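The structure appears right after this line, and notes come after that.
What you see below is based on every heavy atom in this structure, not just the backbone, and it leaves out hydrogens, waters and symmetry mates. Along the sequence shown, residues carry numbers from 1. Here the structure is a predicted model, which means the values were calculated and not measured.
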Amino acid sequence: MSVRVFDCPQCGAPVTLRASTAVFAVCEHCRSMVVVRGSSAEVTGVMAVLPPDLSPFQIGTRGEWQGRGFEIVGRVRVDWEEGTWNEWCILYDATKTGWLAEAQGLLMISFATEVAEKLPTSIRDYLHGKQMRLNGTLWTVSDVKNVTHPASEGELPFVAPPQQTRTSVDLMNPGGGFATIELADDQAEVYIGEYVDFDELKFANLRPVPGWNAEVAQEKGRTTALTCPSCGGAVQLRAAGYSMSAVCGSCGVVIDTSRPEVQVIQNADIANRTLAPLLPIGQRGKLFGTDYEVIGFVTREDRESHWSEYLLFNPWQGFRWLVTFEGHWSFIERVPTISDLTSNVIEWKEHVYKFYAKNMATVTGVLGEFYWKVRRGERAEVCDYVAPPHILSKEVYPGLNEFAWSHGIYVEPRLIAEAFGVKLPSSGWGVYLNQPNPYGLHWNEIRLPFFAALCALIFLQAYFVQNRPEVELTSAHFQYQRPPAIPAATTLPSAPPAEPTPLPSTPHFTVTGADQRVTIEVAANVNNSWLDLDLDLVNVKTNASYPAEVEVSYYYGSDSDGPWSEGAQTATVSLPAIPPGEYFLTAEPTADPQLWSTEYSVHVTRGGVYASNLIVMLAAVLFYPAMLLWRRHTFEQERWGDAHGYAWQTTDT
């Protein structure tokens with residue numbers, strides 16, 4: 001690295017240039033703008049003093065990107081109609097000049113890049129959503145604005161007069177790339193890089209942030225208090241240098257805080273005075289391991305609903321949002337990596353998002369401060385995609401040539417209450433668009449145990465069927481004959497009692513092995529009649545009896561609806577846990593009075609498995625999962641009952 005040192009032509013203080021491409025510097029002593037040409041330097045004016053801010057960066061801050069170090073050597077404050085941001089000039093790997101942009105809580109690193117394509121130089125050729133190629137890669141225009149550089153410090157690779165106007169065109173691609181096209185004097189300069197995360201850059205020599213580093217007192221002469229131009233009250237900025245607007249807590253007017261000459265953006269609204277945020281302005285809390293301060297509160301509405309949004313700030317991590325609707329909460333952050341896709345399904349970071357709704361949202365109330373010049377009545381077309389608990393939202397702003405994407409995740413109300421020390425309802429009302437389905441979560445938890453239990457049940461059933469096959473013990477055929485009628489009593493001497501007719505019985509058979517089921521199947525040639533058998537399984541040795549009853553009935557015919565039938569000519573009954581031994585079976589028949597005689601047979605087997613056991617166990621195993629799946633289905637029906645169908649239909653605004 002070749003260091004060049006010049007004496008300031010105005011005050012004689014040394015001006016050091018470390019980057020070989022540096023041609024412009026601001027004298028730290030007298031704020032003179034020094035332009036370096038070859039070995040000479042000249043003053044072109046005096047640079048305005050940079051406004052106070054809470055940026056943790058400063059000249060001399062070091063970091064690391066893609067395995068190589070860099071150092072901040074200069075800064076440009078960029079100004080446009082709706083706000084300002086910082087562009088930090090970095091010396092990368094001690095050889096190359098680049099830029100670290102710090103805008104709306106996002107960080108971007110980029111470098112000047114030559115492109116093969118010939119680019120248009122008129123702002124009319126760049127519209128948000130337009131796709132174009134840079135060195136063969138497809139990019140999407142996300143933001144177009146005219147900017148100036150009201151103040152700068154350190155060294156820069158170009159001359160930055162405060163009143164020069166340039167056009168800045170921001171582009172993005174799905175791979176996380178970031179690009180800017182700077183248009184000035186019929187020239188197009190291209191800077192290509194990527195969005196970066198604060199923690200990944202491994203910063204060192206950061207500037208202490210007053211109010212956030214506990215050991216640092218408020219810097220002398222650098223206050224964040226402003227005077228309201230309407231009522232003269234003090235307006236305290238909690239994100240100085242980032243906030244572009246704030247609401248006076250005394251009179252309720254919205255004021256422009258982006259410039260030293262504070263002006264009223266919008267007069268007070270009586271309805272604004274009635275706003276009562278659940279999270280007070282100035283309250284701090286820790287979410288996802290990061291401390292945030294509530295600095296702004298917005299209420300918005302569309303044609304169907306109204307909701308509230310809280311702006312959170314951390315000087316190192318930037319801005320986040322908490323959005324709440326009817327007791328439901330989502331944690332929202334800006335994302336840069338989604339192109340302007342015209343689709344009802346978006347795949348992003350391993351999640352598939354489905355279009356949910358598209359509406360025109362209107363700001364109805366504001367408190368606190370914001371990183372843009374917010375106004376009541378401000379409108380944005382909002383398009384939501386959901387993959388619960390995640391949500392992607394695209395906002396398009398009428399009148400501004402830009403759009404923005406954000407990503408959110410559902411947060412349980414108790415976590416918000418615990419983080420910020422407030423009381424909130426324990427749950428939201430109804431089903432929210434990105435609320436996780438609790439029944440789906442429970443299903444995911446029990447799915448593997450359920451399938452394991454189901455497989456075990458099927459395995460056990462197959463095992464017992466295989467190891468306890470049905471074995472035939474005996475079979476017998478019998479003839480049923482209706483008994484003769486008993487004659488009426490007479491006065492003649494009674495005859496001696498007849499011997500009782502023996503009951504039909506099967507041959508003896510043996511049940512071996514452990515206690516097991518014995519099944520009796522009866523078949524009878526009955527037609528439009530019935531036969532009932534009182535059965536007794538008798539142990540020959542112990543005379544123990546195991547009774548059972550079975551009825552065989554079969555009816556058929558026809559009517560106006562056609563042929564019909566009911567019953568069957570066979571019936572089965574089982575006796576459980578019959579101990580081993582020698583047995584015979586008796587059958588005492590009774591029949592339909594209209595039935596004179598019929599043949600019937602008895603077939604006896606042992607072993608086998610009750611199908612009813614399997615059915616009962618299946619019912620027990622399936623009941624809770626089936627209930628969960630049904631509740632999951634009805635939950636999703638309620639969620640999607642409020643969806644609007646297709647994203648790219650015409651919206652009634």
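- Contact record, P425 with P413: O-CB, 3.3 Å, taken as the closest heavy-atom pair.
- Aromatic pair H328/W429: ring centres not closer than 6.0 Å.
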> So W85 and E102, side chain to side chain donor-acceptor pair (under 3.5 Å) or not? Walk me through it.
Replying inline: CA-CA 6 Å; W85 73 89; E102 183 188 21; over 6 Å; no
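- The side-chain contact (heavy atoms from CB on, under 4.5 Å) with I416 is formed by just one residue from the set L278, T324, L424; it is L424.
- In this structure, L54 and A239 approach most closely via the heavy-atom pair CD1-CA, 3.9 Å.
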>> With side-chain contact (heavy atoms from CB on, under 4.5 Å) as the criterion, how do H149 and R77 come out once you've worked through the C-alpha distance, each side chain's angles and the decisive distance to 0.1 Å?
In response: CA-CA 6 Å; H149 301 148; R77 189 73 173 175; over 6 Å; no
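- A salt bridge does not link R379 with D302: every distance from a Lys NZ or Arg NE/NH1/NH2 to an Asp or Glu carboxylate oxygen is 4.0 Å or more.
- With Y242 as reference, F313 is the one residue of F370, Y371, F313, W372 to meet the ring-ring contact (aromatic ring centres under 6.0 Å, His included) rule.
- Side-chain contact, E82 with W80: no donor N or O sits under 3.5 Å from an acceptor N or O.
- The only member of L311, I391, L322 that meets side-chain contact (heavy atoms from CB on, under 4.5 Å) when paired with I332 is I391.
- Looking at residues two or more places apart in sequence or on another chain, you find a side-chain hydrogen bond (donor to acceptor under 3.5 Å, both in side chains) between T299 and T364.
- In this pair, F158 and W99 present their aromatic rings tilted. The plane angle is within the 30 to 60° band.
- A salt bridge does not link K145 to E81: none of the charged nitrogens lies less than 4.0 Å from a carboxylate oxygen.
- Inter-residue side-chain proximity for T362 and R300 is flagged as unmet; no heavy-atom pair is nearer than 4.5 Å.
- You'll find the side chain of D79 stays beyond 4.5 Å of the side chain of V147, heavy atoms only.
- Figure legend: cation-pi geometry between K394 and F403, with NZ or CZ positioned under 6.0 Å from the six-membered ring centre and within 45° of its axis.
- Using a cut-off of 4.0 Å between Lys/Arg side-chain N and Asp/Glu carboxylate O, E87 and R75 are scored as not salt-bridged.
- No hydrogens or angles considered: nothing links the side chains of R334 and S406 as a donor-acceptor pair under 3.5 Å.
- Between E293 and R238 there is a salt bridge, since at least one side-chain N of the basic residue sits less than 4.0 Å from a carboxylate O of the acidic one.
- For the residue pair D170 and T180, a side-chain donor N or O sits within less than 3.5 Å of a side-chain acceptor on the partner.
- Ring-centre distance between F203 and F57: below the 6.0 Å cut-off.
- The only option from T290, D197, D199 that meets the side chain to side chain donor-acceptor pair (under 3.5 Å) definition with Q317 turns out to be D199.
- Side-chain polar atoms of Q10 and S32 form no donor-acceptor pair below 3.5 angstrom.
- Note on E189 versus R166: salt bridge recorded, some NZ/NE/NH1/NH2 to OD/OE distance being below 4.0 Å.
- Nearest heavy-atom pair across S152 and V76 is CB-CA, 4.1 Å.
- Residues S55 and N86 form a side-chain contact, since some pair of their non-hydrogen atoms from C-beta on lies under 4.5 Å apart.
- Judged by the 6.0 Å distance and 45° axis criteria, R414 is not positioned over the aromatic ring of W329.
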Extract all donor-acceptor atom pairs below 3.5 Å that involve side chains of residues 21-29 and protein atoms in other chains or at least two apart in sequence.
unit_1, atom_1, unit_2, atom_2, d
T21, OG1, T97, OG1, 2.6

